[in-house]
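Only this structure's heavy atoms are used, side chains among them; waters, hydrogens and symmetry mates stay out.
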Amino acid sequence: MIFNNLIICFLVIGLNQTPSQDWNPYYKDKRISISYTSKVCNDQKNGFAFEYYFIKIQNLTDQTLVVNFNKSPEENSKEEDLTAFVLKPKEVKTGSCAYNPVKLRIYKVDRRPNKTSKAAPFVLSKISSIEVN
């Protein structure tokens, strides 16, 4: 009886969990790991539906790091695409639809029904990390 209740409990918990988001590995060195996924951000109030690449950065060290990268290809790099922020030891930062001063997202494509546009590729350039004390 207890065994059957445990099985039912695990099944209910498993069915109620949201599926994990698939993250594509992009870059890894001895200090940081960068991966990405994409998701549509709907702003129904203003009539927008844009798909973005979300960036996830993980500090693999026990040190505080300053991470820098450009959210565009090196040949097209623009100053406004430069991203720099601090990562505490073992910290993970992840992009989202919500406002964040460190925008860990890149525009991919307009998903409104009346729009057709080509999806932008996911590209980062000038990736670096520096240990700080």
Side-chain angles (χ1 to χ4, degrees):
M1 181 72 174
I2 292 174
F3 182 72
N4 288 341
N5 288 341
L6 283 174
I7 290 174
I8 291 169
C9 183
F10 284 122
L11 285 173
V12 169
I13 290 170
L15 292 174
N16 286 330
Q17 289 182 346
T18 56
S20 62
Q21 210 165 18
D22 291 328
W23 291 93
N24 302 299
Y26 182 76
Y27 174 88
K28 186 174 183 179
D29 63 21
K30 63 183 180 177
R31 294 184 183 146
I32 61 171
S33 173
I34 300 175
S35 53
Y36 70 96
T37 191
S38 65
K39 182 180 174 192
V40 175
C41 295
N42 288 311
D43 181 354
Q44 293 174 346
K45 179 180 170 186
N46 296 308
F48 294 114
F50 298 131
E51 186 171 352
Y52 291 95
Y53 292 111
F54 292 133
I55 304 166
K56 178 168 70 172
I57 311 226
Q58 179 178 4
N59 182 344
L60 304 173
T61 74
D62 293 325
Q63 304 294 319
T64 299
L65 301 175
V66 174
V67 177
N68 297 285
F69 57 85
N70 202 303
K71 296 188 291 186
S72 58
E74 193 160 348
E75 62 274 7
N76 298 332
S77 64
K78 299 174 261 177
E79 192 169 323
E80 62 263 22
D81 290 336
L82 181 63
T83 302
F85 55 93
V86 173
L87 268 181
K88 295 176 185 168
K90 303 295 184 187
E91 183 179 14
V92 177
K93 288 193 183 223
T94 305
S96 71
C97 291
Y99 172 78
N100 189 326
V102 178
K103 285 190 176 179
L104 293 178
R105 68 180 186 200
I106 299 172
Y107 172 83
K108 182 177 179 181
V109 69
D110 190 335
R111 290 291 180 196
R112 292 179 288 179
N114 59 344
K115 298 287 182 179
T116 56
S117 58
K118 185 178 174 186
F122 180 83
V123 179
L124 300 178
S125 61
K126 301 179 182 178
I127 301 169
S128 69
S129 60
I130 302 164
E131 288 182 12
V132 291
N133 295 327

- Message: Please tell me whether Y36 and F54 are part of a single hydrophobic cluster in this structure, the criterion being side-chain heavy atoms less than 4.5 Å apart.
- Response: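 Not linked; separate clusters.
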- Message: Applying a strict under-4.5 Å side-chain criterion to I, L, V, M, F, W and Y, I'd like to know whether Y26 and V102 cluster together.
- Response: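 As far as the 4.5 Å side-chain criterion goes, V102 and Y26 are connected within one cluster.
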- In a check of side-chain contact (heavy atoms from CB on, under 4.5 Å) between I127 and each of I32, N68, D29, which one passes?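 Result for side-chain contact (heavy atoms from CB on, under 4.5 Å) with I127: I32.
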Search all heavy atoms of [X] against all heavy atoms of [Y] and return the closest pair with its distance.
X: S72; Y: S125; value: O-OG, 2.6 Å
X: P25; Y: W23; value: CD-O, 3.6 Å
X: L65; Y: V132; value: N-CG2, 4.4 Å
X: V86; Y: E91; value: O-OE1, 4.1 Å

- Message: I need the full list of disulfide (SG to SG under 2.5 Å) pairs touching residues 44-75, with sequence neighbours left out, sorted by first then second residue.
- Response: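 Qualifying pairs: none.
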- Task: May I have all residue pairs that pass disulfide (SG to SG under 2.5 Å) and include part of residues 37-102, sequence neighbours excluded?
- Result: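 Residue pairs passing disulfide (SG to SG under 2.5 Å), neighbours aside: C41-C97.
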- Query: With sequence neighbours left out, which residue pairs that include part of residues 97-106 fulfil the salt bridge (Lys or Arg N to Asp or Glu O under 4.0 Å) condition?
  - Reply: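 For residues 97-106, and leaving out neighbouring residues, there are no salt bridge (Lys or Arg N to Asp or Glu O under 4.0 Å) pairs at all.
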Cut-off 3.5 Å, no hydrogens considered: what does the side-chain donor-acceptor table look like for residues 57-64, sequence neighbours left out?
| residue | atom | partner | partner atom | Å |
| --- | --- | --- | --- | --- |
| N59 | OD1 | T61 | N | 2.8 |
| N59 | OD1 | T61 | OG1 | 2.7 |
| N59 | ND2 | Q63 | O | 2.8 |
| N59 | ND2 | L87 | O | 3.3 |
| N59 | ND2 | K88 | O | 2.9 |
| T61 | OG1 | Q63 | N | 3.1 |
| T61 | OG1 | Q63 | O | 3.2 |

- Task: Please name all residues satisfying salt bridge (charged side-chain N to carboxylate O under 4.0 Å, His left out) with E51, sequence neighbours left out, ordered by chain then number.
- Result: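 K108, R111.
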Is the shortest side-chain heavy-atom distance between [X] and [Y] below 4.5 Å?
X: L124; Y: Y27; result: no
X: I55; Y: F122; result: yes
X: F85; Y: L104; result: yes
X: K93; Y: V67; result: no

- Message: If we ignore hydrogens and angles and just use 3.5 Å, is the side chain of Y52 paired with the main-chain N or O of G95 as donor and acceptor?
- Response: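 Absent.
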- Do the side chain of Y53 and the main chain of A120 share a donor and acceptor less than 3.5 angstrom apart?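 A pair under 3.5 Å: yes.
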- Interatomic distance, K56 atom NZ to N24 atom CG [nearest 0.5 angstrom]: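 The distance works out to 10.5 Å.
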- Message: Could you measure the distance from the CD1 atom of I106 to the NZ atom of K71? Nearest 0.5 Å is fine.
- Response: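 Rounded to the nearest 0.5 Å, the CD1-NZ separation comes out at 6.5 Å.
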- Query: Hey, is CD on E79 packed in by over 12 heavy atoms from elsewhere, all under 6.0 Å?
  - Reply: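 It does not: E79 CD has 12 such atoms or fewer within range.
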- Query: Taking only residues two or more places apart in sequence or in another chain, which ones pass side chain to side chain donor-acceptor pair (under 3.5 Å) with K28?
  - Reply: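 Scan of K28 (side chain to side chain donor-acceptor pair (under 3.5 Å), adjacent residues dropped) gives none.
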